[in-house]
Peer 1: 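Sharing a structure below in structure tokens format, with a few things to ask.
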Protein chains: 2
Amino acid sequence: MPSQTTSTSGAAANGTSANGAAKRGRPGYDQQSVLRIAVDVFNRHGYDATSMGILADNLGISKSAIYHHVPSKGDLLKLALDHALGGLESILEQPEATSGAADARLEFVLRRTVAVLVERLPFVTLLLRLRGNTEIERDALERRRTFDHKVAALISAARDEGSLRQDIDPRTVTRLLFGMINSIVEWYKPGGSLSPQRLADDVITMAFDGLHGHASPTA
Amino acid sequence: MPSQTTSTSGAAANGTSANGAAKRGRPGYDQQSVLRIAVDVFNRHGYDATSMGILADNLGISKSAIYHHVPSKGDLLKLALDHALGGLESILEQPEATSGAADARLEFVLRRTVAVLVERLPFVTLLLRLRGNTEIERDALERRRTFDHKVAALISAARDEGSLRQDIDPRTVTRLLFGMINSIVEWYKPGGSLSPQRLADDVITMAFDGLHGHASPTA
DNA sequence: TAGTTTCTCATGAACGGTCGGTCGGCCCGG
DNA sequence: CCGGGCCGACCGACCGTTCATGAGAAACTA
């Protein structure tokens with residue numbers, strides 16, 4: 001039995017899977033449950049500062065057992081980042097994001113972005129803290145940059161439409177807007193009194209109407 | 001001669017110090033110049049992912065030479081964080097932050113915060129990315145939290161005064177506002193076309209009047 | 001039903017390598 | 001010749017990863 005330094009951890013993974021089909025073999029973790037916990041630990045200590053030993057302690061299994069579920073530490077990261085990026089990228093593929101007034105498309109994308117941040121909170125958190133030290137990280141950063149650029153284009157379109165103020169450089173607007181939204185991963189706690197729906201409302205209100213809050217003559 | 005992997009680095013530090021007083025001994029780095037470069041490297045790779053070897057390469061000197069200027073890697077971090085936190089904390093001590101209408105005090109603090117972020121950009125960047133893995137980091141995070149709470153109190157006061165909208169929880173407002181401002185360290189490049197003054201204006205405009213931008217009837 | 005097989009999950013020792021840090025001594029300008 | 005600046009060799013600890021093997025529950029056989 002490993003040292004079990006901190007954390008609530010414990011095995012408590014397998015048993016019967018969601019689809020109800022009984023699994024063969026010795027019960028324990030599967031890849032998904034390892035990934036979920038790993039991402040949490042990565043977020044608590046930072047990816048680089050998390051050793052496989054610390055991770056093993058948090059899982060309640062030995063270091064080497066981790067390698068039964070995933071080929072390497074990097075693959076663990078890759079799986080997590082794919083999940084985060086997949087969620088974001090799918091937003092831009094939805095019909096509400098591709099047709100209609102730029103202003104409405106922008107609001108849709110922002111609301112959905114907030115929703116994805118919340119739904120996949122730990123995964124997106126990990127994504128937003130990358131430094132680009134490895135090839136895996138750089139690939140993920142590039143995909144994220146592509147997403148950002150597309151939203152930036154949407155902001156520019158809304159501005160050209162006359163829906164947004166014109167006295168601030170759209171690049172500055174984009175960055176401050178992303179700064180505000182992305183900060184959610186640093187403080188939002190699911191299950192609290194602030195619902196994801198309400199959070200999205202607040203973000204939209206604050207972004208479009210500001211703190212002084214003169215009710216906007218939208219639409 | 002060390003490997004000199006990346007970076008522009010090179011020694012080029014000492015010579016004659018700012019006060020003009022000639023220094024004795026062999027010319028080279030002093031603690032300040034080591035610190036400046038170290039903070040840059042920490043920000044590029046992340047503090048944990050930066051080994052003393054990598055740091056030495058970037059400085060153009062050997063690993064052991066670093067220990068002539070600073071007792072440990074942790075001290076390097078501590079020096080940097082003190083500089084960042086000192087800048088922020090001094091804002092709240094100035095008279096414009098302690099007396100007058102809460103609304104005006106808030107705007108002053110926000111503008112000064114933006115200014116400090118820019119003036120001490122790499123140092124504050126390092127601060128804002130901490131994970132709290134060591135005692136040093138946890139102490140710094142605590143000081144930062146104290147600063148945040150004081151600004152949060154200012155926001156609440158301005159709200160009670162009637163200067164700010166009341167339909168969003170002030171804690172949410174505080175966090176989104178900090179998210180927006182703190183994001184500056186992730187993208188702002190000094191020396192570009194966007195001056196610190198203009199940046200502060202844009203932040204204030206966007207925070208108080210929003211993207212739709214109906215000219216505010218301030219004062 | 002009992003025994004056996006099969007499959008998955010797990011273990012602990014050990015690997016080459018890198019980590020932060022130490023030590024004793026050389027270099028060199030004032 | 002003093003003193004700040006620097007070096008190369010080295011240390012114990014820990015890193016991510018591998019390997020040969022054990023444990024335990026479901027599935028198959030008799």
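Each chain gets a letter, A, B and so on, in the order its sequence line appears, and its residues count up from 1.
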Peer 1: Is any side-chain N or O of B/H68 closer than 4.0 Å to OP1 or OP2 of D/dG5?
Peer 2: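 The answer is yes; a side-chain N or O of B/H68 sits under 4.0 Å from OP1 or OP2.
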Peer 1: Give the rounded distance in Å between these two atoms: OH of A/Y29 and C1' of C/dT11.
Peer 2: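 That distance rounds to 15 Å.
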Peer 1: Let me know the distance between CG of A/D57 and C1' of C/dA10, rounded to the nearest Å.
Peer 2: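 In whole Å, C/dA10 C1' and A/D57 CG are 15 Å from each other.
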Peer 1: Can you tell if the side chain of B/L88 reaches within under 4.5 Å of the side chain of B/L127, non-hydrogen atoms only?
Peer 2: yes
Peer 1: Whole Å only: how far is the CD1 atom of B/I66 from the P atom of D/dC6?
Peer 2: 10 Å
Peer 1: Hey, what do you get for NZ (B/K63) to OG (B/S51), rounding to the nearest 0.5 Å?
Peer 2: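 B/K63 NZ to B/S51 OG: 7.5 Å, rounded to 0.5 Å.
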Peer 1: To the nearest 0.5 Å, how far apart are OH in B/Y67 and OG in B/S62?
Peer 2: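 So the gap between those two atoms works out to 11.0 Å.
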Peer 1: Mind calculating the distance between NE2 (A/H45) and P (D/dG16) to the nearest angstrom?
Peer 2: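 Distance, rounded to whole Å: 13 Å.
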Peer 1: Regarding A/D40 and A/R44, does a basic nitrogen lie under 4.0 Å from an acidic carboxylate oxygen?
Peer 2: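 So A/D40 does not pair with A/R44 through a salt bridge.
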Peer 1: Would you call A/R129 and A/E137 a salt bridge, taking side-chain N to carboxylate O under 4.0 Å as the test?
Peer 2: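 Here A/R129 does not pair with A/E137 in a salt bridge, since their nearest N and O are not under 4.0 Å apart.
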Peer 1: Is B/H69 close enough to D/dG4 that one of its side-chain N or O atoms is under 4.0 Å from OP1 or OP2 there?
Peer 2: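 It does not, given that no N or O in the side chain of B/H69 lies less than 4.0 Å from OP1 or OP2 of D/dG4.
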Peer 1: Using a 4.0 Å heavy-atom cut-off, write out nucleotides 16-23 of chain C from 5' to 3' as B (base contacted by protein), S (sugar-phosphate only) or - (no contact).
Peer 2: ---SBBBB
Peer 1: Hey, are A/E107 and A/R111 close enough for a salt bridge, meaning a charged N less than 4.0 Å from a carboxylate O?
Peer 2: yes
Peer 1: Using five pairs at each end of the helix from C/dT1-D/dA30 to C/dG30-D/dC1 to define an axis, what is the angle between those two axes, to 10°?
Peer 2: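 If I round to tens, the end axes sit 10° apart.
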Peer 1: What's the verdict on salt bridge (charged side-chain N to carboxylate O under 4.0 Å, His left out) for A/R143 and A/D139, showing C-alpha distance, side-chain angles and the deciding distance?
Peer 2: CA-CA 6 Å; A/R143 282 173 70 184; A/D139 286 352; over 6 Å; no
Peer 1: Main chain of A/I204, side chain of A/D201: is a donor-acceptor contact present, judged purely on distance under 3.5 Å?
Peer 2: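 Judged by distance alone, no pair lies under 3.5 Å.
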